[in-house]
Amino acid sequence: MSTTTQASQRIGALLDENSFVEIGAQITARATDFNLKQTDTPSDGVITGYGVINGNLVYVYSQDASVLGGSIGEMHAKKIANLYDLAMKTGAPVIGLIDSAGLRLQEATDALNGFGEIYFKQAMASGVIPQITAIFGACGGGLAIIPGLADFTFMEGSKAKLFVNAPNALEGNEISKCDSSSAAFQSEEAGLVDYVGDEASVLGQIRELISMIPANCEVDDSFVECTDDLNRACAELANCVGDTSIAASQIADDGVFFETKAAFAKDMVTGFIKLNGATVGVVANRTEVYDEEGKVAEKFDAVLSAKGCEKAADFINFCDAFEIPVLSLTNVTGFKATKCCEKKIAKAAAKLTYAFANATVPKVNVIIGKAYGSAYVAMNSKAIGADMTFAWDTAQIGMMDAKLAAKIICDGQGADAIDACAKEYADLQNNVLSAAKRGYVDTIINAADTRKYVIGAFEMLYTKSEDRPAKKHGTV
């Protein structure tokens, strides 16, 4: 199989059968320096056009590594920029299938300008149409900014390479020590990649994502008919406080949960579900990860980490831009206390708080475990703008753990006095009923009834409209 066939076959595998229409097939490089005039450059190394995924219009470009390594030159970049212009006019997503050596050295400043044109189109399209990239080969140097500007990035697990600086160019590193260009590093450590798999599964996941999200920021065409029982009880939901990715799938229509950045900051879960056929974004704290055999594979403290906050904030911003309601599942007792996390946690927690507070889409919070201190406030509390707050009847809401509070209040007193104070503090301050009496919780519910309550809340909030202070944009 030639790489030319690979570029076109990727498009064929991604789109509905026989739906692709190519644009600019006859375009070739204009540059003639360094004997480029004698080099055949069909389509200038990138196939561009449009087609449909499950009937949804999308625009696609697929780089051809057999043409000068798929490098980006003047005309290559113009083809991608023109594709963005069409996508913006028609309000449809852009999907980039990347396999490129990067900047075309023979075209120098023309190629650099081409990079800038693509960046500009991506910046203008941000928040208007979804942008998805999938990396199947090399994506290095300035080319790595393209997935950085996109909303979602997918990566083939064995051959794809994503980097700004190559692993061997990093001081004190070489590739056998740490392959910072690998899919594992970029998904688990950098958090840039949402999904890693083989080529077929990557394309399949993109198809699934396109079916979950709106085509643009103005028209929500992602509704589907719901065949699941709207009042379905989730009998096992109470057992999912630890692994909220399982909780999200139990609440969802037909058990379908599309998780984003699953390998990064696993203490925070983000992704999309359908509720009564409408797409909803889920943000949830997590303390456990279960493996395929149903055993606990990883455990975390019920705290907000810097990486988790940044992951959630980015996801909330996407949801708000595309009018996707947000459901949060809260189980948090504080902030991660390590020297590494301390460098970033204040700013990261501020970003999370701002993202929730700034979002004007319908926001529903369900407190499923403990909700203590300012970490709880940052997790879509009523104080920062949650429209509806539910709490399971087993939830605990307050300043801190009752025992710890009692030790502070009864400092210097005996164990019996501390125990008595802890019981009184738990009854008066950490009790979910106490929070409900103060209006911080709208309704106390049984865990099994969560699905029907959140569906009802989002139905009620469907026509929500909220005015905000006039400003150009926030600065957080």
ring-ring contact (aromatic ring centres under 6.0 Å, His included) with F318: which residues, sequence neighbours excluded? F152, F322
Residue K382 excluded, over 12 heavy atoms near NZ under 6.0 Å: yes
Between the side chain of R104 and the main-chain N/O of L68, is any donor-acceptor distance below 3.5 Å? no
Contacts under 3.5 angstrom, residues 158-167 side chains, donor-acceptor by atom type, not counting sequence neighbours:
{"from": "S158", "atom 1": "OG", "to": "E156", "atom 2": "OE2", "distance (Å)": "2.7"}
{"from": "K161", "atom 1": "NZ", "to": "D179", "atom 2": "OD2", "distance (Å)": "2.7"}

When you look at CD of Q26, are more than 12 heavy atoms from neighbouring residues, nucleotides or ligands closer to it than 6.0 Å? no
Taking only residues at least two apart or on different chains, which pairs with a member in residues 309-326 satisfy salt bridge (Lys or Arg N to Asp or Glu O under 4.0 Å)? none
Got I251 and V454 here, is their nearest side-chain heavy-atom distance under 4.5 Å? yes
Are V283 and N380 close enough that some pair of their side-chain heavy atoms sits under 4.5 Å apart? no
Do V361 and I324 have side chains that get closer than 4.5 Å, going by heavy atoms? no
Taking the basic N atoms (NZ, or NE/NH1/NH2) and the acidic carboxylate oxygens, is any pair closer than 4.0 Å for D85 and K89? no
Quick one, N276 and F458 - any side-chain contact, counting heavy atoms below 4.5 Å? no
Please name all residues satisfying ring-ring contact (aromatic ring centres under 6.0 Å, His included) with F315, sequence neighbours left out, ordered by chain then number. F272
Determine which pairs satisfy salt bridge (Lys or Arg N to Asp or Glu O under 4.0 Å) with at least one residue from residues 256-278, sequence neighbours left out, and list them in order. D194-K261, E259-R286, K266-E298
Which residues pass the ring-ring contact (aromatic ring centres under 6.0 Å, His included) test with F258, not counting sequence neighbours? none
Counting distance only, does the side-chain N/O of D243 pair as donor-acceptor with the main-chain N or O of C240 below 3.5 Å? no
Check whether more than 12 heavy atoms from other residues, nucleotides or ligands sit under 6.0 Å from atom CD of E174, and answer yes or no. yes
Backbone N/O of A123 and side chain of S126: donor-acceptor pair under 3.5 Å: no
Taking the side chain as everything from C-beta on, heavy atoms only, tell me whether N331 gets closer than 4.5 Å to T244. no
Do N285 and T287 come within less than 4.5 Å of each other through their side chains, counting heavy atoms only? no
For the side chain of S71 and the backbone of L103, is there at least one donor-acceptor N/O pair under 3.5 Å apart? no
Does the side chain of S328 come within less than 4.5 Å of F356's, by heavy atoms? yes
Looking at CD of Q131 and CD1 of I129, how far apart are the two atoms once the value is rounded to the nearest 0.5 Å? 6.0 Å
For L14, run the side chain to side chain contact (heavy atoms under 4.5 Å, CB included) check against V202, I95, V58 and tell me which one passes. I95
If you measure from the Lys or Arg side-chain nitrogens to the Asp or Glu carboxylate oxygens, is any gap between R232 and D253 under 4.0 Å? no
Exceeds 12 heavy-atom contacts within 6.0 angstrom, atom NZ of K299: no
